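A quick write-up on the structure given underneath.
Note that ligands are numbered from 1 as they come in the structure, with each ligand's atoms numbered from 1 the same way. What you see is a predicted model; the values in this text were computed from it and never measured. Note that these values count all heavy atoms, side chains included, but never hydrogens, waters or copies made by symmetry.
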Amino acid sequence: MPTVELARGREKSVINGHPWIFSGAIDRIKGSPGIGETVKVAAYGGEPLGLGAFSPGSQIRVRMWSNDPDGDIDRSFFRLRIERAVKTRVSLPAAGIETTAYRLVNGESDWLPGLIVDRYGDFLVCQFLSAGPEYFKDLFLSLLSELKPLTGIFERSDADVREKEGLALKKGLLWGCEPPELIEITEGPCRFLVDIRAGQKTGFFLDQRANRARLAAYCNGAELLNCFSYTGAFAVRALKAGALFATNLDESGSALELCSRNMELNGIGRQRFDNLQGNAFKVLRQYREQGRRFDIIVLDPPRFVDSRSHLMRASRGYKDINLLALNLLRSGGYLFTFSCSGLLSPELFLKIVADAALDAGREVRILERLGQAPDHPVGLHFPEGNYLKGLICRVW
Ligand code: SAH
């Protein structure tokens, strides 16, 4: 088997269980491993550390499958990993009771780097995001096709990160029956339509489920601005829980169309919501000019940071949007603010919101700190997996 030997002193994070080996940590490669092929990883000097998947095109050159250098990366290895991931989910309170849609496999945090599997009712939606899972795709498919209930497996490997891996973007049916145009799921008291073919990510932001439930607890009688609304999930949840009115703001027209259908599906009349297509940065400025005010604002922007070099620019974006939102809240209002950028630490996010509050001249208290739902677990040795951060703030 080809061997990737690390540079002197670079073995520590691998031994500690971190799954990524960057190209700069490698001293030499013995043999010529193909894309996604399993390689032995060794410390400087040759002591074997484990086995990983080789990604020649990526800065993350190897993703560790296992810290056992003598094991086999084969069907029974992956079967165990998938079984553990599934067991973790089916015993969660959310699975089956609170929702019919959840993340079944969460990549690195389930010791399956690069593999995402989301369940939407009887359909699975997969993302093979790096060379390793792509190499073992048939094996994963045959294991996943044994899960029940199952009507079909659909691939959404059309995420940009595939390009960094030198992999083509792919999308389509992999197994079983074609999914319907829209799949209906439940989440607590709500029903949602999900477009797994063309929706963002695998179709729905499952990671925000628990935070939508938190919003429900705060919103009785409130007028809500759901900024970066996508298909309106936060607003549907709030309106079902007694919010009076919600404005959904998103730049995507197709997301807002689906938002209207979700409102209808939940029996929420047109008089209780408004959908606005536009750039949140512009619209919030217009609202400021117009003196618009809200009781609750949800700010759930897309990932602004895709590389460390963009951290400064992204931080300014987060500060700007939080500052704008703070100024639109009535005294005593609530800000639900989020960042899903894994590269932005919770501490830095907190500092950005604090700076925004200072500039806005508002007095702000943190009531709750939020994260991703438990079907998106975080590997203890993989802090990058803790990407979603949120704060519920009381604003005076
Ligand atoms: N809160 C949503 C998920 C939001 S995802 C939920 O719970 O389902 C982020 C959304 O921001 C996407 O729908 C995207 O279309 C939208 N978006 C991205 N940039 C934007 C911008 N500048 N202005 C308005 N919407 C934007």
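- Of the protein's non-hydrogen atoms, the one nearest atom 4 (C) of ligand 1 is Phe228 O, 3.2 Å.
- Aromatic ring centres of Phe78 and Trp65 lie closer together than 6.0 Å.
- Listed by number with element, the atoms of ligand 1 under 4.0 Å from a non-hydrogen atom of Phe234 are 1 (N), 7 (O).
- Between Asp158 and Arg156, at least one side-chain N (NZ, or NE/NH1/NH2) sits under 4.0 Å from a carboxylate O, which counts as a salt bridge.
- Of the protein's non-hydrogen atoms, the one nearest atom 1 (N) of ligand 1 is Asp300 OD2, 2.7 Å.
- Here Phe204 has no heavy atoms under 4.0 Å from ligand 1, in either its backbone or its side chain.
- Residue-ligand proximity: Arg212 is placed with a non-hydrogen atom under 4.0 Å from ligand 1.
- For the residue pair Asn327/Tyr287, the side-chain donor-acceptor check at 3.5 Å is not satisfied.
- Taking the centre and axis of the six-membered ring of Phe77, the NZ or CZ atom of Arg79 falls outside the cone set by 45° and 6.0 Å.
- Counting non-hydrogen atoms of neighbouring residues, nucleotides and ligands closer than 6.0 angstrom, the CZ atom of Arg84 reaches no more than 12 such neighbours.
- If you look at Cys227 next to ligand 1, there are no close heavy atoms at all, none under 4.0 Å.
- By the 4.5 Å heavy-atom criterion applied to side chains, Arg237 and Glu187 are counted as neighbours.
- In Ala255, neither the side chain nor the backbone holds a heavy atom less than 4.0 Å from any atom of ligand 1.
- Ligand 1 is approached by Asn279 to a heavy-atom distance shorter than 4.0 Å.
- Under a 4.0 angstrom heavy-atom cut-off, Gly278 registers as being in contact with ligand 1.
- Side chains of Glu165 and Ser130: no donor on one and acceptor on the other come within 3.5 Å.
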